Amino acid sequence: MEYETAKIVKVTGKCPACEDYAGKNSTTPPKIAVMACEGACARGEVARRAANMVAHRLARDSTVRICLGGAFTKDTGQRNLVRRAEKVIAIEGCFINCSSRMMCGVIPELRPEIVRADLIYNLDLPFGIDDVPDEMFTVYAHLVAEQVVKNLGNPAPCRGDPGSQSPCPSAAGPPAHSAGCGK
Ligand code: SF4
């Protein structure tokens, strides 16, 4: 497998709102961490909204919403939520699998459960979010969020499996809802 290499400039400051949320949600046992593509396009918008629906409405007691940019670019509360979660769900906008690939770059042993949002609502959305009616975003995101919630109780993919040659997803990625150790 080939890798991208990036140097990320460290920051000394912290975002108080983000750290406060992370601290409040750093429970024992840990909550299920929900991250998303957060991309600029319509597919990323569905993934982002679906993650918000899961963590802030449909399963707010058992899940916590991850700030992908915060967790990826600095080793503070948000990354810790991902690191200590027994299950991490990555709602991806498309096959690029950006959220799971990003987080596997900073937590190599991570085994996120990948949910391909575009395969659930099953439409080829355009790039621009202004080309999709707002109410349709809600419909698509709800379809994705409902499926995520339905599968919350499924076992998490195993971390650090020494037999695994491919600890992180590639851009083609494992199938949606890939889970379990394969043992
Ligand atoms: S990674 Fe895919 S879903 Fe995310 S913004 Fe880019 S094209 Fe959209």
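Keep in mind it's a predicted model, so treat the numbers as computed, not measured. Just so you know, ligand 1 is whichever comes first in the structure, and atom 1 is the first atom listed for that ligand.
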Pair Arg83 + Asp75, salt bridge at N-O below 4.0 Å
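So Arg83 pairs with Asp75 through a salt bridge.
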Is the shortest distance from a Lys or Arg side-chain nitrogen in Glu135 or Arg49 to a carboxylate oxygen in the other one below 4.0 Å?
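Looking at Arg49 together with Glu135, the answer is no, because their closest N to O distance does not fall below 4.0 Å.
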Look at the N, O or S atoms of Cys41, main chain and side chain alike, and state whether any lies under 2.8 Å from atom 8 (Fe) of ligand 1.
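Checking atom 8 (Fe) of ligand 1 against Cys41, an N, O or S atom does fall under 2.8 Å.
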Among Thr63, Val54, Leu152, find the one that has a side-chain contact (heavy atoms from CB on, under 4.5 Å) with Ile89.
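Of all the options given, the one that passes is Leu152.
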If you measure only the distance, is there a donor-acceptor pair under 3.5 Å linking the side chains of Glu92 and Ser100?
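The answer is yes; a qualifying pair exists.
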Atom 4 (Fe) of ligand 1 - nearest protein heavy atom and its distance
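Going atom by atom, the protein heavy atom closest to atom 4 (Fe) of ligand 1 ends up being Cys37 SG, 2.5 Å.
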Tell me, which protein residue and heavy-atom name are nearest atom 2 (Fe) of ligand 1, and how many Å apart are they?
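Its nearest protein heavy-atom neighbour is Cys94 SG, 2.3 Å.
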Minimum heavy-atom distance between Gly44 and Cys37, given as atom pair plus value
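Here Gly44 and Cys37 meet closest at CA-SG, 3.7 Å.
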Any atoms of ligand 1 less than 4.0 Å from a non-hydrogen atom of [X]? List them with their elements.
X: Gly44; value: 3 (S)
X: Gly93; value: 3 (S)
X: Arg43; value: 3 (S), 7 (S)

Please work out whether any backbone atom (N, CA, C, O) or any side-chain heavy atom from C-beta onward of Ala40 is under 4.0 Å from ligand 1, and answer side chain, backbone, both or neither.
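For Ala40, the contact with ligand 1 is made by the backbone alone.
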